[in-house]
Amino acid sequence: MIKVLFFAQVREIIGVDHIELEYQHSMTTNSLRTFLASQGDKWEQALGSDNLLVAVNQTLSQWQVELEDGDEVAFFPPVTGG
Amino acid sequence: MIKVLFFAQVREIIGVDHIELEYQHSMTTNSLRTFLASQGDKWEQALGSDNLLVAVNQTLSQWQVELEDGDEVAFFPPVTGG
Amino acid sequence: MNRVQTQDFSVAEEYAKLADNPGCGAVVTFVGKVRDFGDNQGVTQMELEHYPGMTEAVLEQIEAEARQRWPLDEVIIIHRVGSLALTDQIVFIGVSSAHRKAAFAACEYLIDFLKTRAPFWKKEQTQAEAHWVDAKDSDEQAAAMWLEDK
Amino acid sequence: MNRVQTQDFSVAEEYAKLADNPGCGAVVTFVGKVRDFGDNQGVTQMELEHYPGMTEAVLEQIEAEARQRWPLDEVIIIHRVGSLALTDQIVFIGVSSAHRKAAFAACEYLIDFLKTRAPFWKKEQTQAEAHWVDAKDSDEQAAAMWLEDK
């Protein structure tokens with residue numbers, strides 16, 4: 001399983017804060033994003049942003065990183081705390 | 001009259017925290033220092049330091065500045081607050 | 001010593017923890033507050049969201065980086081989440097050190113990297129509307145300066 | 001708002017004054033304390049002497065200079081004089097501003113120039129002896145950096 005989390009605008013647009021997906025062989029951060037963005041207009045809107053960030057297992061990650069079964073992946077906009 | 005103040009090591013060495021002197025025509029910060037330094041060994045020691053600073057009317061000053069009657073002049077070492 | 005919490009913090013209490021050390025010559029603290037203009041004029045309140053777990057990990061990491069760069073005694077980072085009103089305290093960064101330059105530099109380093117790397121998001125509320133705050137180029141630049149510096 | 005005094009100060013009270021403003025987004029404070037090594041190891045107490053009148057004038061002046069350089073809300077400078085013991089607070093500098101970069105820069109500017117221009121002198125006491133603290137080149141350099149900066 002892959003646990004996928006969404007935060008801030010991304011969460012708000014798709015209306016879901018997390019989902020769980022079957023792990024697929026050679027899944028990457030980018031292929032997961034593309035798959036999710038194809039799930040409908042809201043998903044396309046939420047995950048299509050140029051500024052979208054991705055974290056794998058709570059560490060900021062890049063777009064062509066291979067995932068492993070059990071990973072936690074999060075999609076979110078640039079951070080604005082402080 | 002010229003009021004002369006001494007602080008920190010300078011005050012401690014000469015054992016006096018202030019004196020008053022008659023104003024002399026064309027007196028400068030430097031001539032006042034030279035005059036005072038000639039008053040004895042302690043005065044020479046206290047006022048001879050290369051690092052000595054001078055303030056005129058509570059503003060940091062330079063060594064060839066002319067004084068006026070009524071000025072307040074202070075001699076002290078580099079500051080070490082904070 | 002770092003915390004993410006909904007409740008307010010006391011600058012006095014955190015300051016006391018930072019300063020409690022006979023070798024400590026300098027304590028620098030930073031507090032960020034909700035002000036009445038953010039991206040918009042007339043901000044009345046905001047919501048702060050975060051990514052539990054990752055947030056704490058990032059705060060530990062930027063603290064460790066600061067400790068590698070400068071000789072520090074205590075470091076305390078506190079960030080609030082949830083609903084905050086105008087003038088509320090949002091974030092506290094406190095650093096103590098034997099040396100003032102180290103304390104100033106580390107405190108500013110920590111807030112610069114918290115702003116660009118810790119997963120917090122602000123949604124500002126004005127009388128008219130609520131909107132997510134945009135990330136600022138000036139914050140990215142502030143953080144990038146430290147990397148050139150090294 | 002600047003003060004030279006023998007009594008201690010409360011960081012909490014001064015912080016409250018700095019932060020009391022709906023436009024204030026950032027508060028930076030610096031506290032300098034008596035530490036157990038100064039010019040010598042084993043410092044147990046110190047005497048702080050100043051030049052009354054000139055001190056206050058210099059503090060006003062460096063505050064005015066900082067306000068010319070950065071947009072600031074409140075500025076508070078407090079310096080203690082007289083007898084101070086190990087771990088006692090010596091100096092407080094607090095700055096509030098809409099912008100954190102301004103608050104950090106102004107706070108550090110004020111302590112750098114206080115250290116090199118305000119007429120205070122420290123005499124440290126160890127178990128063995130008392131001696132006047134030497135002025136430090138590093139403090140002169142810190143202040144000089146701001147002038148190149150301009």
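So that the names make sense, note that chain A is the first sequence line, chain B the second, and so on, each numbered from 1. Just so you know, these numbers use all the heavy atoms, side chains as well, and skip hydrogens, waters and symmetry mates.
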Inset, instruction - Please flag which part of D:A16 lies under 4.5 Å from any non-hydrogen atom of chain C: side chain, backbone, both or neither. - result: neither

Legend entry - Atom group of C:A19 that falls short of 4.5 Å from chain D, counting heavy atoms: both

Legend entry - Between CD on residue C:E108 and CZ on residue D:R100, distance to nearest 0.5 Å: 7.5 Å

Legend entry - Heavy atoms from other residues, nucleotides or ligands near CD of C:Q127 exceed 12 (cutoff 6.0 Å): no

Legend entry - Within residues 21-34 of chain C, residues adjacent to chain D where the heavy-atom gap is under 4.5 Å: C:N21, C:P22, C:G23, C:C24, C:G25, C:A26, C:V27, C:V28, C:T29, C:F30, C:V31, C:G32, C:K33, C:V34

Inset, instruction - For the pair C:D139 and D:K101, find out whether any cationic side-chain nitrogen is under 4.0 Å from an anionic carboxylate oxygen. - result: no

Legend entry - Residue among C:S10, C:A103, C:C107 with most heavy-atom pairs under 4.5 Å to chain D: C:C107

Legend entry - chain C contact residues among residues 74-91 of chain D, heavy-atom distance under 4.5 Å: D:L86, D:T87, D:Q89

Legend entry - Max heavy-atom pair count under 4.5 Å with chain C, selected residue of D:A98, D:A12, D:A142, D:G94: D:A98

